[in-house]
Amino acid sequence: VVSWNAMIANLAQNGAHFEAIRLVIDMQHSGEVPNSKTFTNVLPACARVASLKKGKEIHALSIRDGSYLDLFVSNALIDMYAKCGRLDIAGRVFKESEKDQVSYNTLIMGYSQSSCCKESLHLFLEMSFVGIPHDVVSFMGVLSACANFSALKQGKEIHCLSIRKLFDTHIFVANSLLDFYTKSGRIDTARKIFDRIPNKDVASWNAMILGCGMQGELETAIDLFDLMEGEGVDYD
RNA sequence: GCCUUAUUAA
């Protein structure tokens, strides 16, 4: 089993999703029994190719051997259903399972890309209410949700909270803040944050440039682009 | 010896 699992993990991590899924079938044909690690290895592959059918089969197998009770498995199931666009099922698995920080983050991320962005905000508040601390991923998810349903007020509150928790200097959170403020039309605020990021990465530049572009500040966008070239950033 | 969530347009 271990070597099958290792092969499946490698394929899934290298983007060979269909091959990874294929290998789970092959392993069963050769008489091996997939276990909880097999499931957590293959579920992200199902998620990325949005294969709800295969994902459900894995879900069924995990119920049969009881491994759906494993946090790694239930979290991977939540992610798989969310990425397949079935937030209803993701939410159901979430509700029925044990929950940790990753469970909350996974569902926050899932909802932030959906039409129920507000749900991300609920979960973000709920997790700290039940005593699970926020981390970088929680902040990225909830900020992305606020950006997508233009919740300027709530997003600002999250920004304040991130400052208090010292998350605002983390590059990923800072980039999420840029995305949030540019999408909310606050180029000035975004620019202030941008200028204070000491270690800007390509995503920081892209968020800022595209943000200016979307708000019609084309001059600024072009200036920024020249600046970026000057800094020797590997842009795309 | 293998395991889940992670930022920038479409």
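Hydrogens, waters and symmetry mates are skipped; everything else that's a heavy atom, side chains included, is used. Bear in mind the structure is a predicted one, so any value in this text is a computation, not a measurement. Lettering of chains follows the sequences in order, A, B, ..., and the numbering in each one begins at 1.
The aromatic rings of A:F139 and A:F167 sit tilted relative to each other, their planes meeting at an angle between 30° and 60°.
Heavy-atom minimum distance, A:T38 versus A:N5: OG1-OD1, 2.6 Å.
Whole-Å rounding puts the A:N75 CG to B:U4 P distance at 11 Å. Distance A:Y181 OH to B:U7 C1': 16 Å, rounded to the nearest Å. Going from atom CH2 of A:W205 over to atom C1' of B:A9 covers 18 Å, rounded to whole Å. A straight line from CE of A:M7 to P of B:C2 spans 15 Å, rounded to a whole angstrom. Straight-line distance from the CD atom of A:Q101 to the P atom of B:U4: 16 Å, rounded to whole Å. A:F39 has its CZ atom 12 Å from the C1' atom of B:C3, to the nearest Å. Atom C1' of nucleotide B:U4 and atom CG of A:L43 are separated by 9 Å, given to the nearest angstrom. Counting to the nearest Å, the P atom of B:C2 and the CG atom of A:N41 are 10 Å from each other.
Across all strands, A:K200 comes closer than 4.0 Å to no nucleic acid atom at all (heavy-atom distances). Contact annotation for A:A203: base contact, defined as any heavy-atom pair under 4.0 Å involving a base atom. A:M140 comes within contact range of at least one nucleobase, with a heavy-atom separation under 4.0 Å.
Residue A:V136 places its side chain closer to B:A6 than to any other of B:A6, B:A9, B:C2. Considering only the side chain of A:A207, B:U8 comes nearest among B:C3, B:G1, B:U8.
Under 4.0 angstrom from either OP1 or OP2 of B:U5 there lies no side-chain N or O belonging to A:K83.
Judged by a 6.0 Å distance limit and a 45° cone about the ring axis, A:K99 is positioned over the six-membered ring of A:F94.
Of the possible donor and acceptor atoms, one in the side chain of A:S162 sits under 3.5 Å from a partner among the backbone N and O of A:H159. A donor-acceptor contact shorter than 3.5 Å links the side chain of A:S176 to the backbone of A:F172.
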